[in-house]
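To start, the structure itself, in structure tokens.
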Amino acid sequence: MLDIKFIRENPELIKEGCRKKQIKIDIDQLLEIDKKRKELMLALEDARAQKNKANEEINKFVSGEIKQLHEKGKKEVIILKMRELDKNNDRIEAEFKELDGEFQGLMGLIPNPPAPDVEEGKDDTENKVIKKWGKLPEFDFEPKSHFELGESLDIIDTKRAGKVSGSRFGYLKNGMAKLELAMINFAVDFLSEQGFIPVIPPVMISLDSMKGMGYLEHGGEENMYILDKDNLVLVGTSEQSIGPMHKDETFEEKDLPKRYIGISTCFRREAGSYGKDTKGILRVHQFNKVEMFSFTKPEDSDKEHEYLLSLEEKLMQALELPYQVVKMCSGDLGMPAARKYDIEVWLPSENRYRETHSTSTCTDFQARRLNIRFKRKDGKSEFVHMLNGTAFSERPILAILENYQQKDGSVLIPKVLQKYTGFEKIEK
RNA sequence: GGAGGAGUACUCAAGCGGUUUACGAGGACGGUUUCGAAAACCGUUGUCGCCUUAGGCGACUCGUGAGUUCGAAUCUCACCUCCUCCGCCA
């Protein structure tokens, strides 16, 4: 949700933001509705004020004295007047509610405009690589893909998962299961040291919460598992569960930035990705992820975004995996994001980089919807800024398998993870 | 699943149809005082809007939403959340 005051004052900027994100919304129509809505609101307030005033008249003649009024026939006159006021009130209120519904509906569809430094582009083909790190591995043998390794080492089982659950699921077994736990523990330890608060959040959240995070509009619900009977949604990332934690709350200025690490399973329907990445577990309906989430003051959010990116890089560097950083163009940003960076890891089997991390700043967009504020020293309250970023998911493990594979078919474990796994190698 | 009880501002907490402008206490912030601090005292401490120079004024706000009434924190209904007891349970 954007600030209507800001839209009134900067309509061109908002129009440009919508265009850059390739979302069609008639801002002029919105402003027209806003104007009428405001007039109606004033009329409604005035009508209510009249009613309240008339009521005060009656209040002057409480209990016993009201009988006196009655005798004089004055009560009937006042009450008749009240009925008139009531009618007027109801009429304006009904009119206002209708217009307000229209207004809120339109407001809910306007995306957060891209940050000024984000380049315009239509889709992911126009994203820019801004950094490369690490040396690509060289093999003196034909490297296997993660799913070939998974099968030969008996650590990933998609066949049986197909039998039990369907496509895009997998069993992680043996060394793979331990490696995943090791990576989660490593990330949690690393980020705890940075002051992040570890959280295992609910993975089912209310539709309201999901709406507050801005992921239900513009077809977003297509990618979610919605539990109709219970009005719940399975989260696609723990961000969706952590953001609404502080709904309707006001932080003290000294408590910001507030940083969390969410550890959760994530669920995605992957609608519209038929035929893509069908082998192995690169793209699955269910995976575990460690996620960073920050609440900051507005003036700190850009700095925080760079900080989250730097932490993601440090994590990848600790695993010694070659990666590149990609800055997303405007057309590839979601509804709430103002700026987004991806980290893509090198996958030898595909001979290209694939996304493992993503960090976004949503500025005050989500905070406005969820009503999350903070109080400045002078007592004024403002909306916080909210940011998120991946620490680790299952994809980096696949990258470990492929980048650390040996000629004999075994896989070495990155040094930093060895104390967590308790072994240095996965072998048959 | 059954039976009860409760949700009031940042926190605790009174009020249970009309002198409520939501009592009171604590916390936080600002001020007076002080060499400085404590204490004391005086303010401020929800959201939206209108007119403005200071500063006024209005609407909304007692879990949420409807309803009864001239008038609702207070009465009625529905829903949400929490607590206690019973049952079931990792």
Side-chain angles (χ1 to χ4, degrees), chain A residues 1-9 31 33-101 103-104 107-108 200-212 227-233 241 244-256 258 265 295 297 364 367-384:
Chain A
M1 185 78 60
L2 298 176
D3 183 5
I4 183 63
K5 268 189 271 180
F6 187 83
I7 301 177
R8 277 178 207 141
E9 284 157 21
L31 288 172
I33 291 174
D34 169 55
K35 205 173 154 196
K36 276 189 213 152
R37 177 180 170 274
K38 224 178 145 185
E39 281 166 13
L40 267 177
M41 193 145 88
L42 283 175
L44 182 62
E45 281 188 12
D46 187 59
R48 282 177 178 161
Q50 280 187 48
K51 174 89 194 281
N52 290 345
K53 216 168 188 181
N55 222 6
E56 259 170 54
E57 297 274 310
I58 295 182
N59 275 348
K60 284 180 189 160
F61 306 93
V62 278
S63 55
E65 287 173 75
I66 213 154
K67 277 181 202 145
Q68 214 180 320
L69 269 178
H70 187 75
E71 280 154 22
K72 288 179 188 161
K74 208 173 168 189
K75 191 187 168 196
E76 275 68 24
V77 175
I78 293 175
I79 287 175
L80 222 70
K81 191 184 165 198
M82 295 296 271
R83 293 252 156 83
E84 273 307 299
L85 290 173
D86 260 345
K87 248 196 209 163
N88 189 38
N89 230 323
D90 290 350
R91 185 181 54 81
I92 298 174
E93 194 163 337
E95 224 176 303
F96 174 77
K97 270 192 179 164
E98 197 190 323
L99 202 68
D100 189 52
F103 174 75
Q104 299 297 345
M107 282 295 283
I200 300 178
V203 292
M204 297 181 197
I205 64 174
S206 69
L207 278 163
D208 264 4
S209 298
M210 190 59 92
K211 201 169 176 199
L227 311 173
D228 264 335
K229 254 190 202 164
D230 304 283
N231 246 337
L232 292 166
V233 197
S241 189
M245 264 173 90
H246 292 289
K247 184 171 157 44
D248 294 321
E249 291 182 21
T250 302
F251 287 102
E252 296 290 330
E253 188 172 1
K254 65 174 165 51
D255 293 331
L256 297 177
K258 189 99 176 168
T265 304
F295 298 87
K297 293 193 271 178
D364 61 357
R368 218 174 270 286
R369 292 176 157 227
L370 293 164
N371 190 29
I372 304 176
R373 301 162 189 261
F374 76 101
K375 196 177 264 180
R376 288 202 190 270
K377 284 212 184 78
D378 63 5
K380 296 232 169 72
S381 75
E382 275 178 59
F383 291 108
V384 297

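On a predicted model such as this, the values are computed, not experimentally measured, just so you know. Throughout, protein chains are lettered first and strands after them, A, B, ... in sequence-line order, and every chain is numbered starting at 1.
The partner of B:G17 cannot be assigned: no Watson-Crick or G-U wobble pair with both contacts below 3.5 Å exists in any strand. Base pairing of B:C10: its partner is B:G26, meeting the Watson-Crick or G-U wobble criterion (both donor-acceptor distances under 3.5 Å). When Watson-Crick and G-U wobble pairs are counted only if both distances are under 3.5 Å, B:C88 pairs with no nucleotide at all. Figure legend. B:U47 is base-paired to B:A59; pairs are counted as Watson-Crick or G-U wobble with both atom distances under 3.5 Å. Across all strands shown, B:G4 pairs with B:C83; the Watson-Crick or G-U wobble distances both stay below 3.5 Å. Partner assigned to B:G65 is B:C77, using Watson-Crick or G-U wobble distances below 3.5 angstrom. Summarising the base pairing, B:A72 is matched to no nucleotide, lacking a Watson-Crick or G-U wobble pair whose two defining distances lie under 3.5 Å. Across the strands present, B:A39 finds no partner; the criterion is a Watson-Crick or G-U wobble pair with both atom distances under 3.5 angstrom.
Using a 4.0 Å heavy-atom distance criterion, A:Arg376 is classed as making no nucleic acid contact. If you check every strand for non-hydrogen atoms under 4.0 Å, A:Thr250 touches nothing. Residue contacts for A:Leu42: at a heavy-atom cut-off of 4.0 Å it reaches the sugar-phosphate backbone alone, with no base atom in range. Contact annotation for A:Lys97: backbone-only contact, meaning every heavy-atom pair under 4.0 Å involves sugar-phosphate atoms and none involves a base.
The nucleotide whose nearest atom lies closest to any side-chain atom of A:Asn52 is, among B:G71, B:A59, B:C50, B:A59. When distances are taken from the side chain of A:Ala49 to each of B:A59, B:C48, B:G71, the shortest belongs to B:A59. In the set B:U47, B:C50, B:G18, the nucleotide with an atom closest to the side chain of A:Arg373 is B:U47.
Atom CD in A:Glu249 sits about 18 Å away from atom P in B:G63, given to the nearest Å. Between the CG atom of A:Asp90 and the C1' atom of B:U69 there is a distance of 14 Å, rounded to whole Å. With rounding to whole Å, A:Asn371 atom CG is found 16 Å from B:U61 atom P. Across the protein-nucleic acid pair, A:Lys375 atom NZ and B:G30 atom C1' stand 13 Å apart, rounded to whole Å. B:C29 atom P lies 9 Å from atom CD of A:Glu252, rounded to whole Å. Taking atom CG of residue A:Asn231 and atom P of nucleotide B:U81, one finds them 11 Å apart after rounding to whole Å. Per the geometry, CD belonging to A:Gln50 stands 15 Å off C1' belonging to B:C70, to the nearest Å. One atom, CG of A:Asp46, and another, P of B:C51, lie 14 Å apart when rounded to the nearest Å.
Straight-line distance between the C1' atoms of B:C83 and B:U76: roughly 25 Å, to the nearest whole Å. The separation of B:C86 from B:A22, taken at their P atoms, amounts to 43 Å, rounded to a whole angstrom. Remark: the separation of the C1' atoms in B:C16 and B:C79 is 22 Å, to the nearest Å. Across B:A38 and B:A28, the matching P atoms stand 10 Å from one another, rounded to whole Å. The same atom, C1', is picked in B:U61 and in B:U20; the two are 14 Å apart, to the nearest Å. Nucleotides B:C70 and B:A6, compared at atom C1', are 32 Å apart to the nearest Å. Distance noted for atom C1' between B:U32 and B:C51: 33 Å (whole Å). A distance of about 15 Å separates the P atoms of B:G71 and B:A59, rounded to the whole Å.
The base of B:G58 is paired with the side chain of A:Glu45 by a donor and an acceptor separated by under 3.5 Å.
In this structure a side-chain-to-backbone donor-acceptor pair under 3.5 Å is present from A:Ser241 to A:Pro202.
Annotation: A:Met245, atom CE; neighbour count of heavy atoms from other residues, nucleotides and ligands within 6.0 Å is above 12. Within 6.0 Å of NZ on A:Lys297 lie more than 12 heavy atoms contributed by other residues, nucleotides or ligands. With a 6.0 Å radius and a threshold of 12 heavy atoms from other residues, nucleotides or ligands, A:Glu249 has its CD atom above the threshold. Annotation for A:Ile200: atom CD1 does not count as buried by contact number, only 12 or fewer foreign heavy atoms lying within 6.0 Å.
In this structure, A:Ile4 and A:Leu44 both approach RNA chain B, and ranking their closest nucleotides by distance from the 5' end singles out A:Ile4.
Put simply, A:Lys51 has a side-chain N or O that comes within less than 4.0 Å of OP1 or OP2 on B:G71.
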Take A:Lys35 and A:Glu39 through the salt bridge (Lys or Arg N to Asp or Glu O under 4.0 Å) test and state the conclusion after the steps.
CA-CA 6 Å; A:Lys35 205 173 154 196; A:Glu39 281 166 13; 5.2 Å; no

Does the pair A:His246 and A:Leu370 meet the rule for a side chain to side chain contact (heavy atoms under 4.5 Å, CB included), with working shown?
CA-CA 8 Å; A:His246 292 289; A:Leu370 293 164; over 6 Å; no

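Taking the side chain as every heavy atom from C-beta outward, A:Arg8 and A:Leu31 approach each other to under 4.5 Å.
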